[in-house]
Amino acid sequence: VVASTTNAAVATIKFTARERAILETLTTKVRLLSLSQMGRAYWSATNDPTSNARRGLRRLVEAGYLETERANIHPELSLGEPALCWKPGDPGPELGRLAYRFQKRWTEANIPTTYYMATRQAARLMGGQGGPLRRRYQLNHDLHVATVYLLFRENRTTEAAGWISEDLLPRSGPG
């Protein structure tokens with residue numbers, strides 16, 4: 001739920017470096033971040049990252065830059081290494097075998113998960129995307145894309161800096 005606010009209140013907010021990084025991530029890198037992802041990524045040095053993230057994000061929600069929702073989403077999978085590395089010119093990968101392996105990973109039931117998205121107001125400020133999710137059926141996908149991005153952000157900063165949200169890529173046609 002996005003807390004309504006006046007334009008005057010929005011104009012006077014001064015963002016911290018952490019708030020700017022969060023808004024940049026949610027408008028230009030990924031569609032959403034779960035509360036636990038926020039805690040790990042932006043409050044990891046604190047005693048209670050998840051509680052501190054919840055408190056820290058409240059200001060951005062109340063100012064109308066973030067909205068938060070709760071839905072049943074599959075728990076994050078451990079994504080320690082790429083499942084497949086391929087580049088043009090390599091032989092085509094065995095996608096059937098890979099698809100089977102991926103399906104076997106989904107053994108746990110969905111759990112209630114709080115997640116955050118940028119609003120259109122944040123997108124106007126930062127550039128990029130914001131607003132309600134267009135494809136709520138992709139919550140599991142979006143949560144795991146965010147996991148991959150956060151791994152890059154932590155371990156491969158050059159690649160993370162160049163990461164572009166799939167919503168910002170030009171459409172090349174159907175499919």
Side-chain angles (χ1 to χ4, degrees), residues 15-57 60-61 65-88 90 93-95 97-118 122-123 126-130 133-170:
F15 296 113
T16 65
R18 177 176 18 221
E19 290 169 334
R20 278 197 177 285
I22 290 167
L23 291 175
E24 179 185 357
T25 296
L26 289 172
T27 56
T28 66
K29 307 295 185 186
V30 298
R31 291 180 183 139
L32 61 86
L33 289 169
S34 72
L35 177 60
S36 63
Q37 287 173 326
M38 288 281 205
R40 288 194 318 267
Y42 299 103
W43 280 270
S44 62
T46 67
N47 289 338
D48 188 352
T50 302
S51 293
N52 289 321
R54 182 180 292 111
R55 278 193 298 279
L57 295 166
L60 292 174
V61 170
Y65 291 103
L66 294 182
E67 62 182 28
T68 183
E69 293 183 7
R70 191 166 175 84
N72 289 332
I73 304 175
H74 192 277
E76 280 182 86
L77 296 173
S78 175
L79 302 175
E81 62 185 35
L84 171 73
C85 293
W86 179 87
K87 64 181 182 296
D90 286 353
E94 293 187 37
L95 297 179
R97 187 179 303 185
L98 189 63
Y100 177 76
R101 201 169 107 211
F102 283 167
Q103 288 175 343
K104 298 300 271 182
R105 301 186 304 179
W106 301 95
T107 58
E108 297 179 51
N110 290 352
I111 57 172
T113 303
T114 300
Y115 61 93
Y116 292 81
M117 304 158 297
M126 303 298 290
Q129 66 182 359
L133 295 176
R134 291 187 293 269
R135 296 176 207 97
R136 290 185 54 82
Y137 62 87
Q138 289 186 332
L139 285 172
N140 286 324
H141 165 79
D142 291 339
L143 178 79
H144 287 86
V145 168
T147 300
V148 173
Y149 168 72
L150 293 175
L151 285 169
F152 272 69
R153 184 178 170 269
E154 186 176 325
N155 301 309
R156 300 177 72 165
T157 55
T158 302
E159 289 92 341
W163 185 289
I164 300 170
S165 170
E166 61 189 297
D167 290 339
L168 300 178
L169 295 173

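All residue numbers refer to positions in the sequence shown, counting from 1.
Rounded to the nearest 0.5 angstrom, Tyr149 OH and Thr25 OG1 are separated by 4.0 Å. Atoms OG1 and OH, on Thr68 and Tyr116 in that order, are 4.0 Å from each other to the nearest 0.5 Å. Taking OG1 from Thr27 and CE from Met117, the interatomic distance works out to 13.5 Å, rounded to the nearest 0.5 Å. Between atom OG1 of residue Thr114 and atom CG of residue Leu32 there is a gap of 12.0 Å, rounded to the nearest 0.5 Å. We find the CG-OG1 distance between Asn52 and Thr46 to be 4.0 Å, quoted to the nearest 0.5 Å. Once rounded to the nearest 0.5 Å, the distance linking CG of Leu23 with CG of Leu60 reads 5.0 Å.
Residues satisfying the side-chain contact (heavy atoms from CB on, under 4.5 Å) criterion with Ala71, sequence neighbours excluded, are Ile73, Tyr115, Arg136, Leu139. By the side-chain contact (heavy atoms from CB on, under 4.5 Å) test, Ser34 pairs with Ser36, Gln37, Glu76, Thr113, Leu143, sequence neighbours left out. Residues that satisfy the side-chain contact (heavy atoms from CB on, under 4.5 Å) test with Ser44, not counting sequence neighbours, are absent from this structure. Qualifying ring pair (Phe, Tyr, Trp, His ring centres under 6.0 Å) partners for His141, counting only residues two or more places apart in sequence or in other chains: none. Applying the side-chain contact (heavy atoms from CB on, under 4.5 Å) test to Asn47 and every residue at least two apart in sequence or in another chain returns nothing.
Between His144 and His74, the ring planes are tilted. Angles from 30° to 60° get that label.
Counting heavy atoms from C-beta on, the side chains of Leu57 and Trp43 come closer than 4.5 Å. At a threshold of 4.5 Å between non-hydrogen side-chain atoms, the residues Arg54 and Met38 do not count as touching.
Nearest heavy-atom pair, Asn110 versus Pro75, reported as atom, atom and distance to 0.1 Å: CA-CD, 4.4 Å. Across Ala123 and Gly130, no two heavy atoms sit closer than the pair CB-N, 3.6 Å. The two residues Leu66 and Ala118 make their nearest non-hydrogen contact at CD2-CA, 4.0 Å. The minimum heavy-atom distance linking Gly127 with Thr28 is given by the pair O-CG2, 3.7 Å.
For Gln129 (side chain) and Val30 (main-chain N/O), a donor-acceptor pair under 3.5 Å exists by modelled atom type. Judged by distance alone, the side chain of Lys29 and the main-chain N or O of Ala146 form no donor-acceptor pair under 3.5 Å.
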TODO: Could you check Leu26 against Tyr65 for side chain to side chain contact (heavy atoms under 4.5 Å, CB included), going step by step and ending with a plain yes or no?
DONE: CA-CA 10 Å; Leu26 289 172; Tyr65 291 103; over 6 Å; no
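Pairs of residues two or more places apart, or lying in two chains, that qualify as salt bridge (charged side-chain N to carboxylate O under 4.0 Å, His left out) and include a residue from residues 137-159 are Arg31-Asp142, Arg156-Glu159.
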